[in-house]
Each structure stands twice: as structure tokens, then as C-alpha cells.
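Basis for what follows: all heavy atoms, side chains included, without hydrogens, waters or symmetry-related copies. Counting starts at 1 for both ligands and their atoms, following the listed order.
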Amino acid sequence: MAKVRVLMVEDDPMQAKLIQGLLERAGQGRFEMQHVLRLDEAIPRLVSHDFDAVLLDLTLPDSEGLATFERMYAAAGEIPVVVLTGVDDLTLAAKAVEEGAHDYLVKGKIDGDRLVRALHFAVKRTLAEQQEWNSQMLHLAQQQFLKAAQIMGLDANLRERLLFPQRTLVVTLPFRRDDYKQVETVFGYRVQHVLTMGPTKGGIRYHEDVSLGEVSALAMWMTWKCALMRLPFGGAKGGVRIDPTHLTGHELQRLTRRFTTEIIDMIGPDKDIPAPDMGTDERVMAWLMDTYSQQVGYTVPTVVTGKPVVLGGSLGRREATGRGLVYLIEEAANAMKMPLKGATAIVQGFGNVGSNAAKFLEEAGVKLVGVSDVTTGLYNPKGLSVSALLAYLAEHRSMMGYPDAEAVSNQQLLELPCDILAPCAMQNQITGGNAEKLQCRLLAEGANGPTTLEADEILQERGIFVLPDVLGNAGGVTVSYFEWVQGTQNYTWSLEEINSRLRKIMVDAFHRTSTLATRDRLDFRTAALIGGIERVAEAKLKRGLFP
Ligand code: GLU
């Protein structure tokens, strides 16, 4: 998890030590603090380093009173400032808040919780005010779209229409922490990118980086993904800006129920159907479904997919993204004339997508030589066993310390030799900085947005086969579609039926993309995007414009 970087400007060493200690104890290792004594040391540091917040004493050896705040604000106005003040200087501190400081803390009365909250709140507010649309991921999704639009000669009206989502909802929602003292307020989103194709579809992500821009990028990818797979859905996505690993089950449940209530007007079985994504799972979907059902007065299983099977979830949904990815790897390997038996693979990320991809690769006879979770990467050229890794994870909760492998960082892992590299964790992993160093032959994207445009060009030049995210991870939403259809018909399918239908849809999409790529000499990502965009464009033109 990224730490909150704080610069403390305080000339009294006793105070500085006290505050540092409080933050260390109450901050649970989530803060990183630097300390300077004077304003003329602080300003250059703020300008040249990345800080998330400043703790500022107004009375310093080289500056006094409001002028201290004003000079700092003039130099780095975008960084939130929390003023440190003595009891006798309260008016001054209040004046600084009027001028733009975020808050003030009275020395001698600061406790750890108050300090942590003031800093968190300042960072949260700044993020909301300055960063909502300004997201690297949205930029990537838009650039990919514009590149594909350019190549396919997409009508300028449609280009403009599809560049931003059709509907966005931003909510703030409170939930009670288990101590029954704190009520935390967080930001949540639901975004519908295209409403033309039918109900909208897409997961809900709980992650501390979630923003309107990020959710919009993910919603846009869902549109292309559903269209490419020929599912009758437009793209959507939702999210809450929170780190769920720091919440208890009760807190997660209260958060989910309140979030559902806040977005309830936007979702529904014929409107917009959520599903799991990073940081959410079957449990969260069950609470979402229950909350929705409580509000309308009867049980509505089809409002969400990725539910537990006993509540109307589909067999095979949990494994679907990993399974679908491996179906495609089989097709790609075939096209590349690379036998899968004895080929080697590295899988980054061991959540739902990564662990299942690893399992199905192993079943296909591939040797897994590298894996990772958030804490560490593991490498063993002799091979790793998925069941041993799962057993270790069940016992230790992280891969750290796994005995039968060399520990490497997540970044190193990507650069190790293998035939198949499957990024199944986060966005923005393969960049201009490391694309040159990859040693794989096939890049199979289980995550959304793992590769930048710059990296794409390098990979293409180097002849690395890319299975792009909108195709690679589409198995999840495809079985979500099956779940929705089964729910709508009140009829369940067998696992064999689900897997064989999934395979057919994945393989067909692979071959359509491959045909387009060969015909128009395109890289696989551009071909997949064009495949999706073309269908949406056609539907939009056929429906015509209202009014
Ligand atoms: N969150 C998954 C994705 O990114 C699944 C979405 C769904 O099943 O609706 O594709």
C-alpha cells in the first residue's frame, strides 16, 4: 500500500518528536514523515519531492505568523497544509484555515487518532478536488480508443460521444467502524459508459486508488469487452476509494450495504448489473443483492453476478476469468506453434484471476516458474506447485517466506525468462521502462490496463504476442452473462455446459480478432478494440439519435 508522505515543519525538537511518535503509533505504518526546522528548508523540498500533506508550525526561526502559511501556499498550493498551533495562537490558526489551510491541531492537545484523521482527511479532500478525472488509467483507455478510432476511421461524432462515459454518479457515504466511535466517510462511484447495447455491466472495485477517472476507464474497457464477446451489455464499473484489507468483515458489510443504497437508483437487473472486481468477492455481492432486495421488497438475484451459487450464482463463475484466459493462451500458443506442454509461465498476482489462471495453466501441462502476491514475488525455474502455494497462503495469508522459491520483487518477476507472462494484478505494470526487458513470448493480460501504449509499441516491435485485457479477461463477464441469463430464466446449467459455452465464445472472439489483425495488419490489442468499437458504432447508428 502506498504510504502517505508528510513533511513536518517544526522548530521545537520536543514537539517534533512527540508528533512523530504519535503518528508512528496511531498510523499503523501508513505514514512516512520527514522533518525540517525552517521554512526555507521546507519549500525547496516540497517543490522537488512528492509530499501528500504538510504539518506546519506558523512560528519558525525564519518566518512568523500568517506569512509562514502564505509563503508555503504560494510555493506549493496544491499540497494540503495542517497547521500546528499553540493555545495562544488559535485566532492565527483559524485565519490560516480561512486562507486555505485544511485544518489546525493544537499542540499539547493532539492525540494520535486526531492527527491521523486530520492528515487523512486533508489528503482525501485534495484528491477529490484535484484528481477525480485526472487519472493515468483514463488517459490510457482514451488514448487506446483514439488510436483504434483513427485506424478504423471512426466517425468524428461517435469519437466524441464515446470518449467519456454517458452517466456518472459520485457519492460520499459514511460507515461506522467497529469501535463505534469513528464514522468514516468515503467516496464511491458508479459509471455507465454506453447505454446503447442493453443493460450496463461491470464490477465494483474496493481500492484506495479508485477515482472517477479510473472507474470511467474501467467502464470504457467493459464496453469494448462486452461488444467484442457479443454480449448484450454496455460497459459500467463502480468503486469505493478505500483499502478493504484494513476493514473487518462487519465494516465491509456496513460499507457495502450503504454503498448499494447510495447507487440503488442506478442499478437493477434490466438497468445495470454489478459484479466482483479487485477487492470485492462473492460475499460482497451477496450483501449487495440482499440490500437491493430488502429495498424493493422481494428477492432479486439478477441484480448482481458473481454471487454465491446458493443465492443464484453460476457454477464456474469464480474460476471463469482465469479459465477463459487459459482457453485463449491455448489458441495463441497454437497460432504461435508453441507447445504448451513443458512451456514455462509467470503469473503476477494470485487473487481470483491469477490463482485460477495458474491452476489451469498447470493443468494444461505448463510449468509455473514465477508467481506473486502484493507482498512478494517467487521464482523457481524448476517449477512451483499451485496446490502447495494455495496451502501456504491459507496458512500464512501471504506468500512472504514461501520456502521452495527465491524471493523477488513484483517488478523483477516481470523481467524473468518464461514463455508466457500473465499480469493478473494491477494496471500500469508493463511500461516504457521495462517492456524492453521482458523475456516472454506471449503476454496474456488477466488484469485490466496492465500495459501502457508506449510498452505496446515496444512489444510489437519485439514480436511478443499480446492477448489484450479486453479479450484476455473477458471470461469473467462472459460467465456473468450466463449467470444473468440463468437467473432470468430461473433455470440452471451444468458446469460442463457453462465451460463449453465459455470456450466457444472465447475461441470465436480470438479468431475474429486474429482475422481482423491479419487482414488489416494490426496488433492484437488494436484489432480487439476495433472489434468492440465497430459493434457499438453500428448499434448507435442503427438506433439513431434522440430527439
Ligand atoms: N470485473 C470483471 C471485469 O473486469 C467482471 C465484470 C462482470 O462480470 O460483470 O471484467
- Check the side chains of R323 and N499 for a donor-acceptor pair under 3.5 angstrom, ignoring hydrogens and angles. yes

- Message: Between T344 and K367, do the side chains contain a donor N or O and an acceptor N or O under 3.5 Å apart?
- Response: no

- From the list K237, E132, R205, side chain to side chain donor-acceptor pair (under 3.5 Å) with Y189 holds only for E132

With atoms numbered from 1 as shown, which atoms in ligand 1 lie under 4.0 angstrom from a non-hydrogen atom of [X]?
X: S480; value: 7 (C), 8 (O), 9 (O)
X: K237; value: 1 (N), 3 (C), 4 (O)
X: N448; value: 4 (O)

Contact check, [X] vs ligand 1, heavy-atom distance below 4.0 Å:
X: P276; result: yes
X: G306; result: no
X: M278; result: no
X: K225; result: yes

- Message: Applying a heavy-atom cut-off of 4.0 Å, say which part of I273 lies close to ligand 1: side chain, backbone, both or neither.
- Response: neither

- Note on the structure: Closest non-hydrogen contact found for S372 with N410 is OG-OD1, 2.7 Å

- Can you name the nearest heavy-atom pair linking L231 to T478, along with the distance? CD1-CA, 3.9 Å

- Item | Axial cation check for F175 ring with R254, 6.0 Å and 45° limits | no

- Does NE2 belonging to H250 count more than 12 external heavy atoms closer than 6.0 Å? no

- R257, CZ: over 12 other non-hydrogen atoms inside 6.0 angstrom: yes

[atom] [closest protein heavy-atom partner, distance rounded to 0.1 Å]:
atom: atom 1 (N) of ligand 1; answer: D277 OD1, 2.8 Å
atom: atom 7 (C) of ligand 1; answer: A275 CB, 3.3 Å
atom: atom 5 (C) of ligand 1; answer: R317 NH2, 3.6 Å

- Ring center gap for F524 and F510 short of 6.0 angstrom: yes

- Message: My understanding is that we take every heavy atom of each candidate and find the minimum distance to atom 6 (C) of ligand 1. Doing that for R205, M222, K201, which one comes out nearest?
- Response: M222

- Output yes when the distance from some N or O of ligand 1 to some N or O of N473 is under 3.5 Å, and no in every other case. no

